[in-house]
Structures are given as structure tokens and as C-alpha cells.
Amino acid sequence: EAAVTQSPRSKVAVTGGKVTLSCHQTNNHDYMYWYRQDTGHGLRLIHYSYVADSTEKGDIPDGYKASRPSQENFSLILELASLSQTAVYFCASSDDTGGYAEQFFGPGTRLTVL
Amino acid sequence: QEKVQQSPESLIVPEGAMSSLNCTFSNSASQSIWWYQQHPGKGPEALISIFSNGNKKEGRLTVYLNRASLHVSLHIRDSQPSDSAVYLCAVGYNQGKLIFGQGTKLSIKP
């Protein structure tokens with residue numbers, strides 16, 4: 001049974017529209033992350049969270065907001081979607097932030113902004 | 001900003017041969033090195049990790065880490081068609097941050 005799920009799995013959005021990507025984990029992990037993956041690039045960290053009701057900026061946070069309403073749920077919000085935000089987005093969870101913990105990834109959401 | 005560079009970008013290996021992938025990173029203060037495997041349309045899955053200088057073996061996988069040269073390598077013995085995937089090197093730092101390389105696409109040729 002998948003421990004990290006994402007919805008939707010794919011989405012087409014219009015430029016300037018609002019997009020919300022959702023992530024749910026059943027690992028009982030405190031730490032959750034949002035990454036984007038572009039062709040020819042590895043994963044880049046957008047936002048992360050250590051605890052419910054708190055989020056932190058990652059390496060590329062511009063144009064994105066995050067929300068962590070509970071331990072299990074973590075959302076990524078694009079208030080004004082742009083063409084450059086077309087990418088595959090991955091959510092992950094881990095049980096430690098000490099740099100030694102494995103991160104468990106969801107299946108990804110393919111976002112196309114037109 | 002820490003950087004992670006992988007080579008080669010793509011690799012074709014005959015079935016049963018050894019596959020060797022390389023990764024260099026910019027900061028020796030890293031706490032961990034991870035190799036993730038990613039099949040098309042799927043999320044990455046952790047294969048193996050190493051925290052200290054030296055090597056670590058798990059099944060057909062061996063990882064070598066040299067912090068002095070900021071280099072880590074992954075070797076897959078007896079490569080199988082099911083090993084065909086993109087392999088991502090990730091370096092772990094404080095606060096659970098992972099910095100990923102751009103990936104190596106491995107194709108095993110029957």
C-alpha cells in the first residue's frame with residue numbers, strides 16, 4: 001500500500017490561474033518535502049515542513065506557497081501559474097532531518113501550464 | 001550553494017556486465033550520500049546510502065565514498081534489464097536537505 005500519495009496525478013492549468021497540488025502520507029513522518037523535476041535536471045527543493053502548521057523555504061521557493069494543515073497532509077500552491085512552472089512535482093516524507101534519513105517519494109504530479 | 005554532478009549522462013551496458021556510475025559533490029561537510037533509482041513515470045526510490053569514507057556492499061550494489069576527493073561511485077554487478085532506470089545521486093546535509101544530481105540514465109542491453 002502506497003505510503004505517500006499525490007493528487008492529482010496530472011493537471012493542465014492556464015497561465016495566471018491558481019493550482020493546488022496535494023500530498024498525503026501514512027508513514028507517520030514529521031518531515032515532508034516538495035520538489036520539482038525538469039527534464040535533464042535532478043530534483044530541486046521548493047518547500048519543506050518539520051511540523052504541522054509550519055513550512056520552510058527550500059532552494060527555489062519563488063512563485064510557490066506551501067501549507068501543512070496536519071502531519072499527514074502537505075499542499076503546494078501556485079497562486080499565479082506561469083509557463084516556467086511546467087514540470088513534474090514530487091512530494092516526499094522522512095522521519096528525521098539530521099541528514100541521515102531516507103526520504104520516501106510519492107508517484108509525482110505532472111503539471112502543464114498553457 | 002552545494003552542487004552535485006553526475007557522470008555519465010547516459011550509459012548502455014550489456015546484460016551481465018558491471019555498471020559504474022559516478023557522482024561528485026561540492027561540500028565535504030555532507031552527512032550522507034544516497035543513490036535513488038527512478039523508473040519512468042514513478043517517484044525515486046532509495047537504493048543504498050553511505051555515511052562514512054570507504055565502501056558499502058548490499059547484494060549486487062557497491063558504493064565507494066572518498067570525502068577527500070568529493071567523489072562517490074555506484075557499481076551494479078551482473079546488471080539486469082530490470083536495472084534500466086535513471087539513477088540519482090543525492091547528498092544529505094543538515095535539516096534533512098537533499099541536493100540531487102541531474103541523474104544518469106542506465107540502459108541494460110539484453
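Atoms considered below: every heavy atom in the structure, side chains included; atoms not considered: hydrogens, waters and symmetry mates. Just so it is clear: chains get the letters A, B, ... in the order the sequence lines come, proteins before strands, and each one is counted from 1.
There is no contact between Glu45(B) and chain A, counting heavy-atom distances below 4.5 Å. If you measure heavy-atom distances from Gln37(A) to chain B, the contacts under 4.5 Å come from the side chain alone. Only the side chain of Arg9(A) comes within contact range of chain B, judged by heavy atoms closer than 4.5 Å. The part of Leu45(A) that comes within reach of chain B is its side chain, from C-beta onward, which places non-hydrogen atoms under 4.5 angstrom from that chain.
Cluster annotation: Ile46(A) is not connected to Val88(A) through the hydrophobic network of ILVMFWY side chains, with a link wherever side-chain heavy atoms come within less than 4.5 Å. The hydrophobic clustering, which links ILVMFWY residues whose side-chain heavy atoms are closer than 4.5 Å, places Val72(B) and Tyr87(B) together. A single hydrophobic cluster is seen to contain both Met32(A) and Leu21(A), as judged by linkage of ILVMFWY side chains at heavy-atom distances under 4.5 Å, directly or through other members.
Here Pro44(B) is the residue among Pro44(B), Gly101(B), Ala46(B) with the most heavy-atom pairs under 4.5 Å with chain A.
No more than 12 heavy atoms of other residues, nucleotides or ligands lie within 6.0 Å of CD1 in Ile12(B), so this atom counts as exposed by the packing criterion. Other residues, nucleotides and ligands contribute only 12 or fewer heavy atoms inside 6.0 Å of the CG atom of Asn28(A). The environment of NZ in Lys56(B) is crowded: more than 12 heavy-atom neighbours from other residues, nucleotides or ligands sit within 6.0 Å. Within 6.0 Å of the CZ atom in Arg44(A), the count of heavy atoms belonging to other residues, nucleotides or ligands exceeds 12.
To the nearest 0.5 angstrom, Glu102(A) atom CD is 9.5 Å from Leu47(B) atom CG. Here the NZ atom belonging to Lys97(B) is positioned 11.0 Å from the OH atom belonging to Tyr33(A), to the nearest 0.5 angstrom.
By the 4.5 Å heavy-atom criterion applied to side chains, Ile99(B) and Asp59(A) are counted as neighbours.
Summarising the geometry of Tyr35(A) relative to Leu98(B), their closest heavy-atom pair is OH-CB, 3.9 Å, with the distance given to 0.1 Å.
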